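Scroll down for the structure; my scribbles are underneath it.
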Amino acid sequence: MAEVVEILVGVGVAVGVVVGLFLAANLLLDQATQRYTLFSTSAGAFVGALVGALANSGGWFLGGPAWPIGGAVLGAAAGAGLGQRRPPSLARRRRIVERLRPTVFLAPAFLFIAVALVAPTLRTIYLSVRGRRGEELVGADNYRSVLEDRSIFTLDGVGDILTSRLFLLAVGLAAVTAVVTVARARIAHRDIDLGGPGPVLSMTGVAILVVLAAVGTLRAVLWNNLYWVVFVTLVSTAVGLGIAVLADRARGESLAKSLIFMPMAISFVGASIIWRFVYAYTPAGRDQIGLLNAVWVGGGGEPQAWIQQAPWNTLFLIAIMIWIQTGFAMVILSAAIKAVPTELLEAARVDGASDGQVFWRITIPQIRPTLAVVVTTLVIVVLKVYDIVKVMTNGEFGTNVIANQMFDEAFINRDLGRGSALAVLLFVSVVPLMVINVRRSRRDAA
Amino acid sequence: MTAVAPVVRGPDRRKVGTRLHAALGAVPTFVLWIVVGLWTLPTLGMFVSSFRPEQDVKTTGWWSVVSDPQLTLDNYRSVFDTAGTDAPNMWQHFLNSLAITVPATLIPLALAAFAAYAFAWMDFKGRGWMFVGVVALMAVPLQMSLVPLLQLYTGGAHITLFEQTFTLFPDLDLAGSPTAVWITHVGSALPLAIFLLHNYMASLPKEILEAARIDGADHPTIFWRLVLPLSVPALAAFGIFQFLWVWNDYLVALTFVGGAPDAAPMTIRLASLSGGRGQDWHLLTAAAFVSTALPLAVFFALQRFFVRGLLAGSVKG
């Protein structure tokens, strides 16, 4: 119990200090219009204390409280003198308040952002062009050594993609799609329509087959990240959309949606344990305790150690992320679907459109901006994937990803240069999405 | 209404069609619930297994509980009982999680509310560009801050100018303490928090605020008396989102308190159990459930706000 109290007190102090400082700064600013000397004295003391502390901790003198206190006294004296001798006009004081108020509101947040986000980001970029300990400048060596590491990036196996069965299947599907699309257009005497459900779905299928072919032959940390991004984004968005449509006005809609959404509340570590249990393997002849192997053996297969068998094990890890993120996609898309104007849907139905046509020609175009948001959010989340890989395989069996490699380089091999270079790679791959987000927010604001 | 019309018109042919249509109409619901079942099965497996005796969990599938319903609380007892080992108690990890999560939720909430108000209702130079900066920072991967922050917490930050060393950030020896973890979370959460709260505050009706200004209220008064109370839904939404995020975090905790088992939150304990006692499914499932119990309770109780928060962040215009 004592510990609970201790924690509560600590939290109370931390929150109290934050809010208290904000209140005090605002109170102080309020004095500027009425009691200007008080304002200038305390402002001077505040600035003086900061400068004194900064100078002191550098070790100019012995340290201790002398410097900040001395600075505060000097600053207060200077502020008082200034305020007494040349007090500004009331209009000017009002302007001072007007100018400083946004600073008081923004400074606390910006201070934390600067210390815990911006400065570290800049320093990581700086460290990425320096040696193991950050001591000497090495230029692009870290990037070179990372990209030349064949476990991180390789093009071996690119050629094998072209001859793999999955790729041939993809080519076949693409050809069939092309023929069918052209033939349908000819028969109906219309222009070729690439935006219809047929071509779009089968071209998505082609893309998935090609990436699957790559999974089968091309393995490296960077490629694995690509597979994660492609599969999680595609499958979570598609399944989430599907569930949102199925659940729309279905019986028990909210319960069904809660259950699909529930994995969002479970930690990645917890989810990984749940799924390790699903993939659990016991040798043939014994009862399978893992759900997947039980089904597999029930269907006549040999029990498999799913997460240890490259190359397809990565897909079993990806499935966990899909399980978690589909709920997110579903919730967002479901809200967007409900926001489609009913008049639009009814008008289309009156014109004789089928349910499928209404969905494809009205609903999808209407929710396209939301689809874009879901996709960008998912890509940003998935690029950073760490916990699942760490808990499931620790990056072994060919399942490693950038974030895990980065952690190992920086904190286990203690090579800050290489670790930082990997972090920067991750950062660079997020930049395009950052630009998209900024553009979107500017457009929304306009 | 379409169900009634054919009956009035009468011919039997239509009735049959309606019945078929009704049957087909149930198919989506049926498919939906199959998907829901599939989605819930893994969690159900964990939940059921955590109550089964060790021997059963290790030798038979959890679904055999249907034919052989033997349940026990022993697994939970062993998860909480660490007598005879030097590992900290599960209760200790629970408290550590709390000591990290509560400040990491409340502090960004307060700071972001101040900043969001400024962005939404104050005029100042560079407002547009600063907000663009905030939006851009939302996407910066956490990995970019880990190495420098660990250095900051273990050695402070110093700069040398004119042969004098200035300490920009004192060496507070924070690594291994919950403080290091929550400061990191505060920094990385603020851009999203400011963005969400700004979107909400900016959508409040302008007239109310203008009326308050005309009545002579200054910004602090408007903020505390008007905007903050009106923004409770958005604050709750972000609060829940952040609570779940921090409670479930593993990477930040591992980086800053990974070497200090006494300060470790539950996710770290769970992951190390999984690595060290990977086949002790009776313990793993119980521990996993213990660590998810609170977030699940929060999630189900306050789901409405959580969903609203997600929507505010992503569905606009």
Side-chain angles (χ1 to χ4, degrees), chain A residues 3 7 11 14-15 18-19 26 54 57-58 101-102 105-106 108-109 112-113 116-117 120-121 123-124 246-247 250-251 256 259-260 265-267 269-270 273-274 278 287 289 294 331-332 335-336 370 373 380 384 386-387 391 403 406 410 416 419-420 423 426-427 430 433-434 437-438 441 444, chain B residues 28-29 31-32 36 39-40 42 46 60-61 95 99 102-103 106-107 110-111 114-115 117-118 122 124 132 135-136 139-141 143-145 147-149 164-167 170 183-184 186-187 190 219-220 244 248 250-251 267 270-271 274 284 288 291-292 295-296 299 307 311 314-317:
Chain A
E3 257 175 302
I7 289 171
V11 170
V15 176
V18 166
V19 176
N26 271 313
L54 179 61
S57 55
R101 193 74 79 183
F105 273 74
L106 289 172
F112 267 92
I113 291 180
L117 200 56
T121 299
R123 187 166 167 82
T124 296
L246 285 178
R251 189 172 296 174
L259 288 173
I260 300 273
I266 298 174
S267 63
V269 175
I273 288 177
I274 291 175
V278 172
D287 265 6
I289 59 169
V331 163
I332 308 258
T370 311
V373 172
I380 291 174
K384 300 185 288 190
Y386 171 78
D387 310 20
V391 174
M406 180 261 159
L416 301 184
S420 300
L426 213 50
F427 177 62
V430 171
L433 300 156
M434 213 165 174
N437 274 351
V438 166
S441 89
D444 288 348
Chain B
T29 312
V31 174
L32 171 72
V36 171
W39 230 258
T40 323
M46 171 197 76
T60 59
L95 288 181
V102 176
L106 292 182
I107 291 177
L111 297 181
F114 307 153
Y117 177 84
M122 286 177 174
F124 52 91
V132 164
V135 174
V140 174
Q143 278 80 5
M144 285 299 276
S145 358
V147 171
L149 281 182
Q164 298 289 350
T165 304
F166 294 89
T167 298
I183 290 182
T184 310
V186 171
L190 273 171
H219 279 302
L244 291 177
N248 288 335
Y250 175 60
L251 177 57
T267 42
L270 200 55
S274 169
L284 274 175
S291 82
T292 41
L296 277 180
F299 172 79
V307 169
L311 293 179
S314 33
V315 186
K316 262 206 85 203

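These numbers were taken from a predicted model, which means no experiment stands behind them. The sequence lines fix the lettering, A, B, ..., with proteins before strands; numbering per chain opens at 1. All values below were derived from every heavy atom in this structure, side-chain atoms included, with hydrogens, water molecules and symmetry-related copies excluded.
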Which atoms of [X] approach chain B - backbone, side chain, both or neither, heavy atom under 4.5 Å:
| X | value |
| --- | --- |
| A:Phe427 | both |
| A:Val331 | both |
| A:Leu433 | neither |
| A:Ile380 | side chain |
| A:Val438 | both |

Can you tell which of [options] has the highest number of heavy-atom pairs within less than 4.5 Å of chain A?
| options | result |
| --- | --- |
| B:Ile183, B:Thr267, B:Leu111 | B:Leu111 |
| B:Leu244, B:Leu106, B:Val132 | B:Val132 |
| B:Ala118, B:Ala139, B:Ala110 | B:Ala139 |
| B:Ala271, B:Ala136, B:Pro295, B:Ser291 | B:Ala136 |
| B:Leu251, B:Leu296, B:Val31 | B:Leu251 |

Largest heavy-atom contact set with chain B, pairs under 4.5 Å, which of [options]:
| options | answer |
| --- | --- |
| A:Leu106, A:Val19, A:Leu416 | A:Leu106 |
| A:Leu259, A:Asp387, A:Val391 | A:Asp387 |
| A:Val15, A:Asn437, A:Ile266, A:Val18 | A:Ile266 |

A:Arg101 meets the side chain to side chain donor-acceptor pair (under 3.5 Å) criterion, sequence neighbours left out, with A:Asn26, A:Asp30
Minimal non-hydrogen separation, [X] against [Y], with atom names:
| X | Y | result |
| --- | --- | --- |
| A:Val430 | B:Pro141 | CG2-CG, 4.0 Å |
| B:Val135 | A:Ser441 | CG2-OG, 3.8 Å |
| B:Leu32 | A:Ala247 | CD2-CA, 3.8 Å |
| A:Pro102 | B:Met122 | CA-SD, 3.6 Å |
| B:Leu149 | A:Ala116 | CD1-O, 3.7 Å |

| message | Quick one, B:Val147 and A:Arg123 - any side-chain contact, counting heavy atoms below 4.5 Å? | response | no
- prompt: Are any of the side-chain heavy atoms of A:Leu117 and B:Leu190 separated by less than 4.5 Å?
  reply: no
Separation between NE2 (B:His219) and CZ (A:Phe105), nearest 0.5 Å, reads 7.5 Å
One should read off an interatomic distance between B:Met144 CE and A:Met406 CE, to the nearest 0.5 angstrom, of 9.0 Å
[X] versus chain A, the contacting section by heavy-atom distance below 4.5 Å:
| X | value |
| --- | --- |
| B:Ala115 | both |
| B:Thr292 | side chain |
| B:Tyr117 | side chain |

Closer than 3.5 angstrom, by distance alone: can the side chain of B:Asn248 be matched with the main-chain N or O of A:Ala265 as a donor-acceptor pair?
yes
